[in-house]
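Predicted model only: the values in this text are computed from it and were never measured.
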Amino acid sequence: DIEEENEHFDEALGLKSEAAEKIKDAEEEKADILKEAKEDNLTIPNGAFNEFDALLSQAKAAFEAGNYEDAKRLAKQAKKSIKEVEKHLENLKDANEEEEDLNDEEEIQQHELENKLKDADKEETEQIREEMKQKNEDLRQRQEQLKDEQKQIEDQLEGSNNEQEKDND
């Protein structure tokens with residue numbers, strides 16, 4: 001009878017320690033998820049841990065009441081429910097990373113566009129410079145023509161003055 005009681009007591013102690021371990025594992029899992037979410041700058045939606053918290057609370061209550069089998073089972077269920085939260089947070093993290101990548105890509109495209117516009121401005125500036133050079137050259141040639149015409153007129157004037165002087169003589 002005593003041997004049977006000792007065996008039952010040892011079994012209960014083993015079960016008690018297993019249940020305590022399962023509860024501790026579930027609490028650590030939640031702490032790890034919260035830590036990782038904080039590191040990844042993720043906002044955890046309100047109520048994300050409701051099922052977990054309820055199951056863990058029940059597991060602790062069962063444990064306190066000495067119902068170690070139920071405590072162990074409820075702690076396992078709590079840990080299982082938190083895996084769903086973890087999966088959703090991982091999906092959220094992936095979506096955030098994808099959004100960051102898209103924002104980076106958009107920024108790169110914006111810079112490329114700005115550079116193209118700058119290059120276009122450079123090309124336009126160069127085109128304007130070329131046009132100005134051509135206009136200046138045309139103006140210089142026109143000035144040369146005017147000087148030549150002025151010289152011809154002056155020469156004609158001198159010639160006509162010389163002819164008038166001859167006529168006056």
Side-chain angles (χ1 to χ4, degrees), residues 18 20-60 72-169:
E18 282 180 39
E21 188 64 31
K22 294 292 180 193
I23 290 171
K24 183 181 171 200
D25 284 351
E27 290 173 327
E28 287 174 354
E29 184 76 24
K30 181 179 179 181
D32 288 346
I33 289 172
L34 290 171
K35 181 182 172 191
E36 188 176 327
K38 185 176 181 181
E39 287 172 359
D40 292 336
N41 246 356
L42 296 176
T43 302
I44 298 174
N46 290 334
F49 292 107
N50 284 354
E51 182 182 0
F52 170 84
D53 290 338
L55 288 167
L56 190 63
S57 179
Q58 291 172 23
K60 287 179 178 180
K72 183 178 163 184
R73 180 182 54 76
L74 289 164
K76 279 182 177 178
Q77 284 180 325
K79 194 168 178 181
K80 187 177 179 184
S81 80
I82 208 169
K83 290 293 180 189
E84 281 299 307
V85 172
E86 188 175 31
K87 186 175 100 180
H88 291 307
L89 286 175
E90 193 62 38
N91 291 341
L92 181 61
K93 178 183 173 185
D94 291 345
N96 287 350
E97 286 174 357
E98 189 173 333
E99 182 182 22
E100 275 182 35
D101 290 346
L102 289 174
N103 288 341
D104 290 346
E105 189 175 324
E106 182 182 22
E107 196 173 305
I108 288 169
Q109 286 179 352
Q110 185 65 32
H111 285 304
E112 286 176 359
L113 178 61
E114 287 170 7
N115 287 337
K116 283 180 181 177
L117 287 174
K118 284 179 187 174
D119 289 345
D121 287 348
K122 286 177 186 174
E123 288 174 17
E124 193 174 291
T125 301
E126 192 58 36
Q127 185 178 354
I128 291 170
R129 281 191 185 136
E130 288 299 317
E131 288 174 9
M132 291 300 291
K133 278 183 187 176
Q134 186 61 47
K135 286 180 181 180
N136 285 340
E137 181 61 28
D138 291 347
L139 186 59
R140 193 187 61 72
Q141 287 177 358
R142 181 76 180 121
Q143 287 172 335
E144 287 295 319
Q145 287 174 346
L146 281 174
K147 281 183 186 176
D148 288 346
E149 287 176 19
Q150 286 173 333
K151 180 81 168 131
Q152 286 176 352
I153 293 171
E154 287 172 5
D155 287 347
Q156 287 173 354
L157 277 174
E158 277 182 26
S160 119
N161 275 345
N162 285 342
E163 284 180 24
Q164 273 185 348
E165 285 176 10
K166 284 182 184 176
D167 289 339
N168 289 337
D169 286 341

Within 6.0 angstrom of N115 CG, more than 12 heavy atoms from elsewhere: yes

Expected list for residues 79-95: side-chain donor-acceptor pairs under 3.5 angstrom, two or more places apart:
from, atom 1, to, atom 2, distance (Å)
S81, OG, A78, O, 2.8
K83, NZ, E29, OE2, 3.1
K93, NZ, D40, OD2, 3.4

Any donor-acceptor N or O pair under 3.5 Å, side chains D138, Q134: yes

Nearest heavy-atom neighbours spanning A48 and I44: CB-CG2, 3.6 Å

Flag side-chain contact, heavy atom, 4.5 Å: F49 against L56: no

Electrostatic pair E27:K24 at N-O distance under 4.0 angstrom: no

E137, CD: over 12 other non-hydrogen atoms inside 6.0 angstrom: yes

Salt bridge (Lys or Arg N to Asp or Glu O under 4.0 Å) partners of K147, counting only residues at least two apart: none

Euclidean distance, E107 CD relative to E114 CD, rounded to 0.5 Å: 9.5 Å

Student check: side-chain heavy atoms of I33 and K30 closer than 4.5 Å: no

Heavy atoms from other residues, nucleotides or ligands near CD of Q141 exceed 12 (cutoff 6.0 Å): yes

Verdict with reasoning, N136 to R140, per side chain to side chain contact (heavy atoms under 4.5 Å, CB included): CA-CA 6 Å; N136 285 340; R140 193 187 61 72; over 6 Å; no

Side chain to side chain, K133 and E130, heavy atoms closer than 4.5 Å: yes

Side-chain heavy atoms of I108 within contact of H111, under 4.5 Å: no

CG on L74 to NZ on K72, rounded to 0.5 Å: 12.5 Å

Q145 and D148, any side-chain heavy atoms less than 4.5 Å apart: no

Atom pair CD (E106) and CG (N103), whose distance is rounded to the nearest 0.5 Å: 6.0 Å

A75 versus A26, closest heavy-atom pair with distance: O-CB, 4.1 Å

Between NZ on residue K135 and CE on residue M132, distance to nearest 0.5 Å: 7.0 Å

Atom pair CG/CG of D101 and N96 - distance to nearest 0.5 Å: 11.0 Å

